S.K.: 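Just dropping this structure here.
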2 protein chains.
Amino acid sequence: MPEFMDVHRGMVGITPEALHEAHNADLAIQEDEKVQFKKAWADPQSGVVFCLSEAPSADAVQRIHERTGHPADEIHPVPLAV
Amino acid sequence: MPEFMDVHRGMVGITPEALHEAHNADLAIQEDEKVQFKKAWADPQSGVVFCLSEAPSADAVQRIHERTGHPADEIHPVPLAV
């Protein structure tokens, strides 16, 4: 399954609890789109969150993020990794 | 050691070989700044590369990337992760 990295902006001041809550909301419904969220990293100061997933498509990732109330600003397929 | 996610843009068409070469160039000198590059992901179509590291500071990460010829466009501390 292809990997995707998505980027969310505007989350200035995000707390560990809020990050967990958002991630858990995604995990709870990810199967509906055959997405597997693997990891998320947050920079509370600039409000940027990065989210790594395996999914059938970027649209599938976005549909999950939209349903949980935090659509991504960018979603990149990342077929190359080292 | 704090974690950082950096973002490089403008790498449209990056090949697996070029990503390996760039990553290996960073690894070869990372100790000079006590940086540990952990992973990199690339989207050849949009030319965006994400790079995860542990480092003393964002400046330390950037000094390595500058010396190897691919300065980052953004470097974010990511103290939160899930």
Side-chain angles (χ1 to χ4, degrees), chain A residues 1-28 30 35-55 57-59 61-62 64-65 68 70 72-82, chain B residues 1-28 30 35-55 57-59 61-62 64-65 68 70 72-82:
Chain A
M1 191 85 86
E3 278 197 323
F4 295 86
M5 184 75 83
D6 62 64
V7 183
H8 305 254
R9 298 184 186 274
M11 295 200 171
V12 174
I14 188 170
T15 62
E17 295 72 23
L19 181 64
H20 269 95
E21 195 175 325
H23 188 62
N24 286 340
D26 287 337
L27 294 183
Q30 66 181 3
V35 175
Q36 187 191 350
F37 289 103
K38 300 171 78 173
K39 190 88 185 170
W41 300 264
D43 175 4
Q45 197 168 351
S46 68
V48 177
V49 176
F50 300 93
C51 192
L52 182 69
S53 62
E54 288 186 21
S57 68
D59 286 349
V61 175
Q62 189 68 309
I64 298 295
H65 281 326
T68 53
H70 45 259
D73 294 288
E74 299 174 42
I75 303 180
H76 295 278
V78 284
L80 308 186
V82 289
Chain B
M1 192 84 87
E3 279 197 322
F4 294 86
M5 184 76 82
D6 62 65
V7 183
H8 305 253
R9 298 184 186 275
M11 295 200 171
V12 174
I14 187 170
T15 62
E17 294 72 24
L19 181 64
H20 270 95
E21 196 176 324
H23 188 61
N24 286 341
D26 288 337
L27 295 182
Q30 65 180 6
V35 175
Q36 188 191 350
F37 289 102
K38 300 171 77 174
K39 189 90 186 168
W41 300 263
D43 175 5
Q45 197 168 353
S46 68
V48 178
V49 176
F50 301 93
C51 191
L52 183 68
S53 62
E54 287 187 22
S57 68
D59 286 348
V61 175
Q62 188 69 309
I64 298 295
H65 281 327
T68 52
H70 45 260
D73 295 288
E74 301 174 41
I75 303 180
H76 294 278
V78 284
L80 308 185
V82 290

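Fair warning: this is a prediction, and the values are worked out from it, not measured in the lab.
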S.K.: In terms of heavy-atom pairs under 4.5 Å with chain A, which of B:Val78, B:Val82, B:Thr15 leads?
M.R.: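 Most heavy-atom pairs under 4.5 Å with chain A: B:Val82.
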
S.K.: Which bit of B:His20 comes within less than 4.5 Å of chain A, counting heavy atoms only: side chain, backbone, both or neither?
M.R.: both

S.K.: Do you know which of B:Pro44, B:Ser46, B:Ala81 has the most heavy-atom pairs under 4.5 Å to chain A?
M.R.: B:Ala81

S.K.: Atom CH2 in A:Trp41, atom CE in B:Met5: separation rounded to 0.5 Å?
M.R.: 4.0 Å

S.K.: Are B:Lys39 and A:Glu3 ion-paired here, with the side-chain N under 4.0 Å from a carboxylate O?
M.R.: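 Salt bridge absent between B:Lys39 and A:Glu3.
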
S.K.: Measure the spacing between CD of B:Glu74 and CG of A:Asp43 and express it to the nearest 0.5 Å.
M.R.: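 Here the interatomic distance stands at 9.5 Å.
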
S.K.: Check each atom of B:Leu52 against the heavy atoms of chain A and say whether the ones under 4.5 Å are side chain, backbone, both or neither.
M.R.: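 The answer is the side chain of B:Leu52.
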
S.K.: Check whether B:Gln45 gets within reach of chain A through its side chain, its backbone, both or neither, counting any heavy atom under 4.5 Å.
M.R.: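 For B:Gln45, neither part sits under 4.5 Å from chain A.
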
S.K.: Where does A:His23 contact chain B at under 4.5 Å (heavy atoms): side chain, backbone, both or neither?
M.R.: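 Side chain of A:His23 only, per the 4.5 Å heavy-atom cut-off to chain B.
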
S.K.: With a cut-off of 6.0 Å (strictly less than), are more than 12 heavy atoms of other residues, nucleotides or ligands near CD of A:Glu21?
M.R.: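 No - once you tally the heavy atoms of other residues, nucleotides and ligands closer than 6.0 Å, there are 12 at most.
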
S.K.: Could you tell me which portion of B:Val7 (side chain, backbone, both or neither) has an atom closer than 4.5 angstrom to a non-hydrogen atom of chain A?
M.R.: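 Side chain only.
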
S.K.: Select one option (side chain, backbone, both, neither) describing which atoms of B:Val48 are under 4.5 Å from chain A's heavy atoms.
M.R.: side chain

